[in-house]
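Heads up, the thing below is written out as structure tokens.
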There are 2 protein chains.
Amino acid sequence: MTDVTTEASGATQRPAAARAIGPEGAPAYDLIELLFFAYRDFVRDADEALAAYGFGRAHHRVLHFVDRNPGLRVTELLDILKITKQSLGRVLRELIDQGFVIQREGASDRRQRLLFVTERGDALALKLAHLQTERISRALDGCDADVGAAARRFLFAMVDPEERNAVARLATPGRPRGGRA
Amino acid sequence: MTDVTTEASGATQRPAAARAIGPEGAPAYDLIELLFFAYRDFVRDADEALAAYGFGRAHHRVLHFVDRNPGLRVTELLDILKITKQSLGRVLRELIDQGFVIQREGASDRRQRLLFVTERGDALALKLAHLQTERISRALDGCDADVGAAARRFLFAMVDPEERNAVARLATPGRPRGGRA
DNA sequence: TCGTTACGTCAGTCATATTGACTTATCCCG
DNA sequence: CGGGATAAGTCAATATGACTGACGTAACGA
């Protein structure tokens with residue numbers, strides 16, 4: 001095999017993994033690396049499609065969460081993305097200027113700028129979601145039926161405990177698709 | 001509940017999710033979002049520790065893969081990270097200048113600059129791996145025993161098919177920890 | 001000898017993020 | 001009503017991580 005570790009045969013240093021048993025047991029190198037590789041390829045699907053619009057990953061994230069949560073407030077979006085409003089600023093302005101997102105004054109609080117996707121924005125968000133769903137479907141096709149549920153549980157448990165309520169509200173499988181209730 | 005979607009009550013646009021049934025069925029919004037949130041929090045652990053060294057995520061990735069694969073060639077590292085050698089350049093130079101990584105001439109091919117971590121580099125790589133392992137362990141603790149295996153299968157299946165051989169060589173659970181064999 | 005490979009580097013650019021300071025408009029409470 | 005707090009936007013400067021393109025050097029190998 002062409003295991004890259006064998007390339008080091010001429011050197012004196014032994015592999016770091018040999019002393020990788022620390023206070024908490026052996027590092028979970030497999031899951032650490034699988035998360036890296038899976039995420040690397042997962043986001044690339046959408047990145048390539050976005051390039052055609054002159055958009056990047058940041059535009060995708062904004063578009064996605066606005067699409068999924070019509071009427072989202074700017075502050076809520078900042079809290080989801082964990083970025084500053086200055087960072088959001090440029091991306092959001094570009095999405096608005098190019099007609100993918102619109103803002104409306106809050107009905108009860110006129111300081112708020114509620115965010116909505118336009119039809120164009122929804123179409124793009126949906127296209128990107130389908131790209132990513134295709135990869136997910138193909139992944140699950142090659143697995144036992146229970147792997148999808150287990151993956152959901154694992155990924156949810158990887159989220160910061162303090163964030164889980166917020167994530168559960170946004171990303172649960174049973175979340176209503178046809179209405180606001 | 002304070003479901004953010006209810007904030008939109010004053011607006012006329014219906015939620016985009018209502019018409020989110022496309023050619024490939026309903027998008028897997030739950031897994032798409034869980035991947036985002038899990039990865040967002042997963043990388044943050046290491047990011048915070050790296051800041052103390054003046055390093056960023058890119059340094060971590062290089063350090064990690066060199067630590068795990070002593071004698072790695074520069075070309076191989078570029079292939080793993082899927083970045084250009086110009087991008088790697090600065091990061092690698094900083095790691096070398098500050099004594100976390102060293103280079104050695106290849107024994108058989110003197111054009112090669114084989115990469116190794118120093119003791120300092122190994123210590124940092126291990127520290128970061130433990131941080132991430134802690135999150136993973138805690139996540140798996142709250143799950144059924146088979147969830148870890150299922151998560152591995154799912155994440156592996158999410159990788160591009162052409163990349164899976166390379167990933168399997170690097171990130172398999174059974175990979176020998178104590179030697180090069 | 002000559003083409004290819006491995007690596008490095010210079011220069012310029014872009015996307016995404018940061019901190020800090022400041023403005024405007026609006027809300028809400030005392 | 002006045003004034004502090006909140007929602008949002010903006011200006012400026014900076015960091016980080018990535019890119020393309022071009023070029024140089026050394027070493028391999030047919």
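If you're wondering where the values come from, they're calculated on a predicted model, not measured in any experiment. Numbers restart at 1 for each chain; the letters A, B, ... are given by sequence-line order, proteins then strands.
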Exercise for the section: Mind checking the CG-CD spacing from B:D45 to B:E134? Nearest 0.5 Å is all I need. Expected result: 8.0 Å
Handout entry: Rounded distance [0.5 Å steps], CD in B:Q98 versus CD1 in B:I96
Key = 11.5 Å
Handout entry: All pairs passing ring pair (Phe, Tyr, Trp, His ring centres under 6.0 Å) where residues 63-86 of chain B contributes a residue, at least two apart
Key = A:Y29-B:H64, A:F36-B:F65, A:F37-B:F65
Fill in the blank from the handout: Test salt bridge (charged side-chain N to carboxylate O under 4.0 Å, His left out), reference A:E33, set B:R68, B:R169, B:R61, output is B:R68
Handout entry: Stretch residues 87-100 of chain B: residues that reach within less than 4.0 Å of DNA chain D through a heavy atom
Key = B:S87, B:R90
Practice task
Would you please name every residue forming a salt bridge (charged side-chain N to carboxylate O under 4.0 Å, His left out) with B:R113, sequence neighbours left out?
Solution key: none
Completion exercise
Sorted by chain and number, sequence neighbours left out, salt bridge (charged side-chain N to carboxylate O under 4.0 Å, His left out) with A:R44 holds for A:D41, B:D160
Exercise for the section: Mind checking the NE2-CD1 spacing from B:H130 to A:I32? Nearest 0.5 Å is all I need. Expected result: 9.5 Å
Handout entry: Inter-end axis angle, the helix from C:dT1-D:dA30 to C:dG30-D:dC1, with every axis fitted to five base pairs (rounded, 10 degrees)
Key = 20°
Handout entry: All salt bridge (charged side-chain N to carboxylate O under 4.0 Å, His left out) counterparts of B:D144, not counting sequence neighbours
Key = none
Handout entry: Pairs involving residues 134-162 of chain B, ordered by first then second residue, that meet ring pair (Phe, Tyr, Trp, His ring centres under 6.0 Å) (sequence neighbours left out)
Key = none
Handout entry: side-chain contact (heavy atoms from CB on, under 4.5 Å) partner of B:L34, the single match among A:R153, A:R152, A:M158
Key = A:R152
Problem - Under 3.5 Å donor-acceptor, B:R40 side chain and B:L35 backbone - result: no
Completion exercise
Under a 4.0 Å heavy-atom cutoff, the residues of residues 43-64 of chain B touching DNA chain D are B:G56, B:R57, B:A58, B:H59, B:R61
Exercise for the section: Provide the start and end nucleotides, 5' to 3', of the part of DNA chain C that has atoms under 4.0 Å from heavy atoms of chain B. Expected result: C:dT5 to C:dC10
Exercise for the section: First locate atom CD of A:E162, then atom CZ of A:R164, and finally report the distance between them rounded to the nearest 0.5 Å. Expected result: 8.5 Å
Problem - B:K82: partners by salt bridge (charged side-chain N to carboxylate O under 4.0 Å, His left out), with sequence neighbours left out - result: B:D79, B:E163
Problem - Donor-acceptor pair, side chain of A:Q132 and main chain of A:A129, under 3.5 angstrom - result: no
Exercise for the section: With sequence neighbours excluded, tell me which residues meet side chain to side chain contact (heavy atoms under 4.5 Å, CB included) with B:Q86. Expected result: B:T84
Problem - Protein proximity profile, nucleotides 21-30 of chain D - base contact B, sugar-phosphate-only contact S, no contact -, cut-off 4.0 Å on heavy atoms - result: BB----BS--
